[in-house]
Amino acid sequence: MPEISKSYEPRDVEAKWYAAWQEAKCFSAPTPAPGQEHYTIVIPPPNVTGILHMGHVLNNTLQDALIRRARLEGKAACWIPGTDHAGIATQTMVEKHLKKTEGKGRRDLGREEFLKRVWAWRGEKGDHILKQLRELGCSCDWDRTHFTMDPGYSRAVLTSFIKLFDQGHIYRGKRMVNWCPVSLTALSDEEVEMKPTKGHIYRLRYELVEPSTTTDAEGNTLPLTHLVLETTRPETIAADVAVAVHPDDPRYTHLVGKKVWRPLGERIQIPIIADKAVDPAFAAGALKVTPAHDKVDFEIGQRHGLPVIDSINADGTMNELAGPELAGLERFAARKKAAEILEQRGNLIEAKPYENNVGYSQRAGVPIEPRLTQQWWLRYPRVEEAKAVVRDGLIRMHPERWSKVYLNWLENIQDWCISRQLWWGHRIPVWYAKGVDREKLTEADLRDPKKIHVSLDGPADPENWVQEDDVLDTWASSWLWPFATLGWPDAEAQAKANFSHFYPTTTLATGADIIFFWVARMIMAGLEFAAPGASIEQRIPFKHVYFNGIVRDKQGRKMSKTLGNSPDPLDLIQKYGADGLRFGLLQIAPLGQDVKFDEDRIESGKNFCNKLWNACRFRQMSGPMSDNSSLAAILARIDAKQLDDDDHALLAALLEVQALLEKCFADFEFAAATQGLYTFFYSDFCDWYVEVAKARFAEPAARDHVLAVQDLVIRQFLLLFEPFAPFITEELWSLLGYVGSSLADDRARVGADENRHSQANALQANLPRFIQDARIGTAEDLRGALAERNVHLDTAAAGRVAKLKATVTLARQLKADKAVAQKRDVLFSVVAEDATWTALDSASAKFTRLAGAASLARAASAPALPAIVTPLGTLYLDTGVKVDAAAERARLTKELEAVKKHIAGTEARLGNESFTSKAPPAVLEGARKQLADQQAKRAELERLLAALG
RNA sequence: GGACGCUUAGCUCAGUUGGUUAGAGCACCUCGCUUACACCGAGGGUGUCGGGGGUUCGAGUCCCUCAGCGUCCA
């Protein structure tokens with residue numbers, strides 16, 4: 001048995017075990033045995049060229065905890081890793097790099113050459129993050145690693161497009177889209193972020209072609225030469241095709257059908273029209289209608305058959321239709337220029353500072369431009385089913401409130417713009433017959449195989465066709481993730497990946513920020529594609545969605561590169577160990593609430609690991625290691641005759657924490673789980689049991705028994721802790737000789753391990769066996785196993801131990817108060833009734849050891865010494881120093897006041913008739929007992945004070 | 001404008017279906033290197049549970065309302 005070193009050094013341990021796990025293929029998903037439950041997780045695929053940040057650490061630690069716990073519970077665990085090609089993000093990165101190093105744009109290279117460069121970039125920078133996840137200890141089945149641009153996955157993406165196209169869910173249309181002038185592509189509504197933006201609003205006069213009149217408040221008729229309207233975008237005036245007013249607005253009804261002069265661009269007359277979309281309360285109640293540059297205006301234009309004048313180029317510069325003064329200018333420069341011209345011409349009444357919501361491209365960070373373009377659109381499939389599965393609880397979201405957000409989005413769902421004007425991505429599998437004008441294709445043309453070809457492999461006569469240039473939105477590939485990673489749609493690949501066992505997946509752990517982007521769409525895709533014709537339960541992509549919080553900095557700000565407030569997880573692993581980082585982070589990650597990152601907590605995680613390490617080290621030093629090779633072997637070493645209150649209390653606490661962990665995993669309560677483990681190990685085990693055990697070691701008969709209890713508790717604790725801290729637990733498991741699982745465990749596992757070494761072979765070959773090969777069992781299993789060994793836990797023991805603990809604490813308090821806290825040779829005596837004295841006397845060795853005293857004696861009468869009232873009698877401390885009566889009086893009086901206050905409160909409650917008649921008996925009884933205890937304490941304190949004179 | 005979340009010790013947060021004197025970690029103060037651990041041990045202080053109102057024998061917990069902060073959707 002190698003000796004355990006003085007402190008835990010994570011680095012070597014981590015590297016050693018991760019290599020061993022991989023060598024033994026520990027994380028390979030086994031083929032489930034008949035009746036064996038499966039537990040599947042698909043990783044939210046990070047960007048292929050991304051690097052690990054704190055959000056990933058939290059998200060993946062949670063997944064690893066879930067999957068490792070599932071393994072210990074004997075489930076067939078499968079965690080599928082992989083990466084996302086991240087269309088816009090990756091393409092932008094490579095374009096920037098290209099510009100910097102070669103001074104070229106993608107069009108200078110051409111599509112084919114550019115894609116070569118992106119693949120090279122991916123080869124060089126890609127998959128780093130997967131290596132980093134190994135540092136963190138993640139137990140993914142790496143042989144199942146997927147990438148959304150892999151050949152197999154790409155076929156899945158194209159297949160889904162074709163299926164949806166064939167069913168009429170996909171169409172092509174010229175519509176208003178969110179255009180990003182930097183990335184030069186359309187975006188979906190979800191990729192647009194609304195941000196309040198400071199700018200100006202321009203109050204303008206549009207001159208009437210024929211002057212008219214109006215009526216003021218007093219009924220006087222006044223001349224009217226122009227209309228007043230306000231706009232934030234004067235640069236688009238040349239694209240105005242009308243001015244609209246509300247049909248019921250009495251100020252303007254008589255003007256509808258008349259004309260105004262357009263103040264910019266070619267000097268032409270544009271009509272005044274009436275449309276209900278106009279808000280009469282906004283500004284002067286008139287709206288300039290610019291169908292090419294605003295969604296609402298476009299719809300007004302459609303309703304009134306107005307022309308569309310597109311005055312802005314794809315890159316956000318103005319074209320000649322914006323007028324000679326603005327042509328060529330960038331859109332914001334053009335805005336300024338337009339205002340200047342309007343002012344010169346007398347059309348500008350005033351420019352006021354103004355803040356409104358502007359849509360920004362999430363990726364490029366610039367305002368999007370509403371733009372009329374040809375795009376591919378998807379009418380979502382299975383919308384109603386997608387609502388039903390969440391509403392009916394087939395898919396449960398944690399915390400549950402996100403269901404509402406999800407359902408609300410589905411209620412207001414809009415068609416999805418799935419085409420992107422990028423090159424990096426899945427090129428849309430549509431070919432146009434040569435000579436066909438793509439701009440003028442009708443819905444019927446789309447279904448005409450002479451004009452449009454849609455297939456996986458393209459037309460048989462490619463020379464007569466031209467493929468669509470656009471690629472699909474990245475999310476139109478990742479929405480297939482839960483089943484495309486299990487081989488879909490290829491039957492052979494699905495069989496090989498064990499699709500039928502591992503789908504539906506069990507839990508998806510992700511951030512709520514992608515509930516629409518990803519979660520909702522995966523649900524629809526799963527229902528549509530994963531298992532055609534199967535029941536709805538078999539088609540859903542997952543049963544649980546756990547939304548982890550966002551990791552923020554101490555000030556509550558999102559972590560970002562620009563703020564530089566994001567620590568590098570690898571530095572933290574270096575400093576605190578992967579286990580310390582994992583445990584510390586989960587301690588501060590409440591269910592679905594954002595996490596304020598605090599490095600102190602990570603340090604406390606590390607310290608806890610060190611505490612565990614040393615407790616195990618002490619166990620090793622306390623006596624020879626005996627047979628720890630199975631649960632049964634350890635239980636056989638426990639001597640029921642030797643059980644004392646502390647054993648009972650500790651084992652009861654162990655069962656309790658085991659049950660707590662069962663509940664926490666079921667409810668995704670990770671902070672409560674780590675808290676429970678911490679408290680149990682620190683308070684119940686280290687601070688109390690190990691300390692009292694030192695006193696029991698004096699007796700040889702008790703020694704083996706106590707060590708067996710410790711071995712049992714450490715074993716169970718390691719199993720409970722392993723999902724959170726896999727490295728240290730594996731190391732200690734090995735060092736303390738917990739090599740095997742029980743025979744029953746082994747029998748249960750026969751046949752479950754075709755993919756890896758069988759248990760029998762492992763024994764024969766003496767291969768290392770890992771903690772994950774053991775079975776945790778439930779609290780009730782353990783209770784049963786203890787009962788078989790004639791160990792029946794005494795529920796009253798914990799109460800007696802609590803009393804002794806309290807007495808020890810009070811003794812220490814008294815010592816500290818008398819400035820002899822560190823002395824270990826003081827004398828205690830106690831005045832107590834026979835029953836309490838018996839209890840205390842039987843624990844005398846424990847008491848003197850823990851309180852730090854030479855002896856504890858029973859005093860016949862009250863000595864003239866400093867005293868403290870404890871649950872086990874009044875304790876007197878003899879330090880050999882003369883008693884300071886004044887100080888004693890002050891201390892006792894303070895205590896007495898507190899007791900009196902408490903008594904008064906309890907008496908008042910018990911004196912209230914409605915309390916005594918309505919409160920449940922248990923509460924009532926508790927209050928009465930409390931009152932009696934406090935009254936006894938008061939009497940004793942008063943007696944002590946009187947004795948002081 | 002709508003929806004949701006948060007507000008408890010100096011800091012970060014627990015606090016299950018209402019029920020003893022509201023807890024933990026960190027920080028802080030005092031003492032201690034007592035043969036597992038100074039990455040530690042012993043002891044200690046700290047709260048009108050955001051404000052106001054209500055229901056109840058009893059409210060941090062349930063209801064109403066107001067305020068502040070945050071997120072999402074329009």
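We name chains A, B, ... by the order of the sequence lines, and we start the count at 1 in each one. Keep in mind that what you see is a predicted model, and the values were worked out from it rather than measured.
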Q | Below 4.0 Å: OP1/OP2 of B:G44 and any side-chain N or O of A:Q813 | A | yes

Q: Provide, to the nearest angstrom, the distance between the CG atom belonging to A:D513 and the P atom belonging to B:G70.
A: 18 Å

Q | A:K823 vs B:C31: side-chain N/O to OP1/OP2 distance below 4.0 Å | A | no

Q) After noting the C-alpha distance and the side-chain angles of A:K575 and A:E603, does the key distance pass the salt bridge (charged side-chain N to carboxylate O under 4.0 Å, His left out) rule? A) CA-CA 9 Å; A:K575 219 165 145 191; A:E603 191 178 357; over 6 Å; no

Q) Do the numbers put A:R582 on top of the ring of A:F724, so that NZ or CZ is under 6.0 Å from the six-membered ring centre and no more than 45° off the axis? A) no

Q) Could you state the CG-P distance from A:L814 to B:A42, rounded to the nearest angstrom? A) 17 Å

Q.
Heavy atoms only, 4.0 Å cut-off, all strands: where does A:A615 land among base, sugar-phosphate and nothing?
A. base

Q: Look through every strand shown and name the nucleotide pairing with B:G47 as Watson-Crick or G-U wobble, where both distances are under 3.5 Å.
A: none

Q: Check whether any side-chain N or O of A:K611 sits under 4.0 Å from OP1 or OP2 of B:G41, and answer yes or no.
A: yes

Q.
Output the rounded distance in Å from CG (A:N614) to P (B:A36).
A. 10 Å

(Q) For a quick check of understanding: with a heavy-atom distance under 4.0 Å over all strands, which category does A:K929 fall into, base, sugar-phosphate or nothing? (A) nothing

Q.
Under 4.0 Å, counting only non-hydrogen atoms across every strand here, what does A:N357 touch: a base, just sugar-phosphate, or nothing?
A. base

Q.
Once you apply a heavy-atom cut-off of 4.0 Å, does A:T809 come out as touching a base, just sugar-phosphate, or nothing?
A. sugar-phosphate

(Q) Roughly how many Å apart are B:U7 and B:C49, using the C1' atom of each and rounding to a whole number? (A) 10 Å

Q) Among the nucleotides B:C57, B:A36, B:C72, which one has an atom lying closest to any side-chain atom of A:R617? A) B:A36

**Q.** B:G60 - base-pair partner by Watson-Crick or wobble geometry, distances under 3.5 Å
**A.** none

Q: For A:K6, answer base if it contacts any base atom (sugar-phosphate contacts may also be present), sugar-phosphate if it contacts only those atoms, and nothing otherwise; contact means non-hydrogen atoms under 4.0 Å.
A: sugar-phosphate

Q.
Is the positively charged end of A:R521 above the ring of A:W416, judged by distance under 6.0 angstrom from the centroid and angle within 45° of the axis?
A. yes

Q: Quick one: sort the A:W518 and A:W475 rings into parallel, tilted or perpendicular, breaks at 30° and 60°.
A: tilted

Q) At under 4.0 Å between heavy atoms, what does A:K575 touch on the DNA or RNA strands: base, sugar-phosphate, or nothing? A) nothing

Q.
Looking only at the side chains, is there a donor atom on one of A:T916 and A:E913 sitting less than 3.5 Å from an acceptor on the other?
A. no

Q: Answer yes or no: side-chain N or O of A:Q934 and base N or O of B:U21 forming a donor-acceptor pair under 3.5 Å.
A: yes

Q. When only distance counts, do a donor and an acceptor, one from the side chain of A:K404 and one from the base of B:C4, lie under 3.5 Å apart?
A. no

Q. So, does the side chain of A:R824 form a donor-acceptor pair with the base of B:U34 at under 3.5 Å?
A. no

**Q.** Inter-nucleotide P distance (B:U65, B:G2), Å rounded
**A.** 13 Å

(Q) Both distances below 3.5 Å, Watson-Crick or wobble geometry, any strand: find the nucleotide opposite B:U55. (A) none

**Q.** Among B:A36, B:G43, B:C57, the one nearest A:S914 by side-chain distance
**A.** B:C57

(Q) With nearest nucleotide decided by heavy atoms, which residue, A:C686 or A:K663, maps closer to the 5′ end of RNA chain B? (A) A:K663

Q) Using a cut-off of 4.0 Å on non-hydrogen atoms, how would the nucleic acid contact of A:C616 be classed: base, sugar-phosphate, or nothing? A) nothing

Q. Taking OP1 and OP2 of B:G58, is either one under 4.0 Å from a side-chain nitrogen or oxygen of A:N912?
A. no

Q: Tell me which of A:H902 and A:S604 sits closer to the 5' end of RNA chain B, going by the nucleotide each one is nearest to.
A: A:H902

**Q.** Nearest-Å distance for atom pair CD1/C1', residues A:I868 and B:G43
**A.** 11 Å

Q. For the residue pair A:F608 and A:F583, does the interplanar ring angle fall in the parallel (under 30°), tilted (30 to 60°) or perpendicular (over 60°) class?
A. parallel

Q: Please say whether the positively charged group of A:K611, taken as NZ for Lys or CZ for Arg, lies over the ring of A:F685, i.e. under 6.0 angstrom from the six-membered ring centre and within 45 degrees of the axis.
A: no

Q | From A:I550, A:N59, A:L581, residue fulfilling side chain to side chain contact (heavy atoms under 4.5 Å, CB included) relative to A:M54 | A | A:L581

Q: Between B:A42 and B:U35, how far apart are the P atoms? Round to whole Å, please.
A: 15 Å

(Q) Can you check the distance between B:U17 and B:C11, where both ends of the measurement are the C1' atom (answer in whole Å)? (A) 32 Å

Q: Could you tell me which nucleotide pairs with B:U16 by Watson-Crick or G-U wobble geometry, both distances under 3.5 Å, or answer none if nothing does?
A: none

Q: Scan every strand shown for a Watson-Crick or G-U wobble partner of B:C4, both distances under 3.5 Å, and answer none if you come up empty.
A: B:G70

Q: Report the base-pairing partner of B:C37 (Watson-Crick or G-U wobble, both distances below 3.5 angstrom), or none.
A: none

**Q.** B:C13 to B:G52 separation - P atoms, rounded to the nearest Å
**A.** 24 Å

(Q) In whole Å, I'd like the distance from the CG atom of A:D279 to the C1' atom of B:G1. (A) 13 Å

**Q.** Separation of the P atoms in B:A3 and B:A59, to the nearest angstrom
**A.** 30 Å

**Q.** Between P of B:C37 and OH of A:Y689, the distance in whole Å
**A.** 20 Å

**Q.** Shortest side-chain distance from A:N607, nucleotide among B:A42, B:C31, B:C40
**A.** B:C40

Q: Look at all strands and tell whether A:R619 reaches a base, only sugar-phosphate, or nothing, counting heavy atoms closer than 4.0 Å.
A: nothing

Q: State whether a side-chain donor-acceptor pair under 3.5 Å links A:S683 with A:Y678.
A: no

Q: Have a look at A:Q710 and say if it touches a base, only the backbone sugar-phosphate, or nothing, with a 4.0 Å heavy-atom cut-off.
A: nothing

Q: Provide the distance between the two P atoms, one in B:G10 and one in B:C66, to the nearest whole Å.
A: 29 Å

Q. Tell me: CZ of A:F516 to P of B:U71, nearest whole Å?
A. 15 Å

(Q) Classify A:Y8 by what it touches in the nucleic acid, base, sugar-phosphate, or nothing, heavy-atom distance under 4.0 Å. (A) nothing

Q.
Using the C1' atom as the point on both nucleotides, what is the distance between B:U34 and B:G23, in whole Å?
A. 30 Å

Q. Contact class for A:Y682 vs. all strands (heavy atom < 4.0 Å): base, sugar-phosphate, or nothing?
A. sugar-phosphate

Q: State whether the distance check finds a donor on one side and an acceptor on the other, under 3.5 Å, for side chain A:E669 versus base B:A14.
A: no

**Q.** Length of the CG-C1' vector between A:D667 and B:U17, whole Å
**A.** 14 Å

Q.
Taking the minimum atom-to-atom distance to the side chain of A:A816, which one of B:G43, B:U71, B:G25 wins?
A. B:G43

Q) Do you know which two heavy atoms are closest between A:A578 and A:I573, and how far apart they sit? A) N-CG2, 3.8 Å

Q | Pairing partner (Watson-Crick or G-U wobble, both distances under 3.5 angstrom) of B:A42 | A | B:U30

